[in-house]
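I have placed the structure first, in the form of structure tokens, so that the comments after it can refer back to it.
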Amino acid sequence: MTTNTPACPQCSLEETHLEGGQYVCDTCGYEWPADAVETPAEDDSVRDANGVALADGDTVVLVKDLKVKGSSTTLKVGTKIKNIRLRGGDHAVEAGGYMLKADFLRKA
Ligand SMILES: [Zn+2]
């Protein structure tokens with residue numbers, strides 16, 4: 001089962017769930033308020049289609065077909081790309097050698 005919950009700020013593992021307005025880490029039991037991670041404040045973080053912050057080394061899944069600019073390649077929805085790099089800017093994510101918009105990606 002996939003979830004949209006963020007990684008645990010304590011142990012950085014991703015097995016977390018939402019419980020009564022708080023995120024709870026299934027691994028270390030750490031709890032933190034859900035609002036804390038949903039602040040719309042301006043920051044530099046690159047967020048995926050679900051608003052989840054991405055980080056270098058994350059694995060992402062495409063949420064739509066993406067035509068690669070300047071080639072006949074189309075990356076299919078559901079394609080999993082490991083070990084992304086954040087570059088900033090409009091096409092903020094380098095994934096598998098392609099520069100992609102974070103909006104079209106979902107953290108796996
Ligand atoms: Zn944890």
Side-chain angles (χ1 to χ4, degrees):
M1 194 177 103
T2 58
T3 67
N4 294 331
T5 55
C8 173
Q10 179 110 319
C11 67
S12 82
L13 294 179
E14 290 170 23
E15 284 74 37
T16 60
H17 65 274
L18 194 56
E19 193 176 294
Q22 289 212 305
Y23 289 120
V24 180
C25 176
D26 298 332
T27 306
C28 72
Y30 185 74
E31 297 179 16
W32 68 103
D35 329 49
V37 293
E38 283 174 18
T39 39
E42 293 276 318
D43 61 30
D44 294 337
S45 56
V46 175
R47 295 182 182 277
D48 73 1
N50 295 320
V52 177
L54 298 172
D56 283 351
D58 277 352
T59 297
V60 295
V61 176
L62 300 190
V63 298
K64 60 170 284 184
D65 287 351
L66 289 183
K67 228 174 133 38
V68 177
K69 227 177 173 176
S71 82
S72 57
T73 307
T74 299
L75 300 175
K76 290 283 182 199
V77 60
T79 301
K80 198 181 238 187
I81 303 176
K82 289 179 184 171
N83 199 24
I84 61 166
R85 295 280 162 223
L86 303 186
R87 298 299 188 203
D90 192 28
H91 290 70
V93 179
E94 182 182 342
Y98 303 108
M99 297 304 290
L100 304 173
K101 275 178 182 272
D103 305 3
F104 301 146
L105 307 174
R106 175 172 62 75
K107 189 165 166 167

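Start at 1 and go down the list; that is how both ligands and their atoms are numbered.
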What is the distance from atom CG of L66 to atom OG1 of T79, rounded to the nearest 0.5 Å?
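The OG1 atom of T79 is 8.5 Å from CG of L66, to the nearest 0.5 Å.
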Side chains of L62 and K76, heavy atoms from C-beta outward: is any pair under 4.5 Å?
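Result no, sub-4.5 Å side-chain heavy-atom pair not found.
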Do the charged groups of K107 and D48 touch, with an N to O distance under 4.0 Å?
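No.
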Between D56 and R85, is there a donor-acceptor pair closer than 3.5 Å when you use the side chain of the first and the backbone of the second?
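Side chain of D56 to backbone of R85, a donor-acceptor pair under 3.5 Å: no, none is there.
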Do Y98 and V60 belong to the same hydrophobic cluster, where Ile, Leu, Val, Met, Phe, Trp and Tyr are linked whenever their side-chain heavy atoms lie under 4.5 Å apart, directly or via other members?
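Same hydrophobic cluster.
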Apply ring-ring contact (aromatic ring centres under 6.0 Å, His included) to Y30 and list each qualifying residue two or more places apart in sequence or on a separate chain.
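Here the qualifying residues are W32.
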Closer than 2.8 Å to the Zn ion (ligand 1), which protein N, O or S atoms?
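Hits for the Zn ion (ligand 1) below 2.8 Å: C8 SG, C11 SG, C25 SG, C28 SG.
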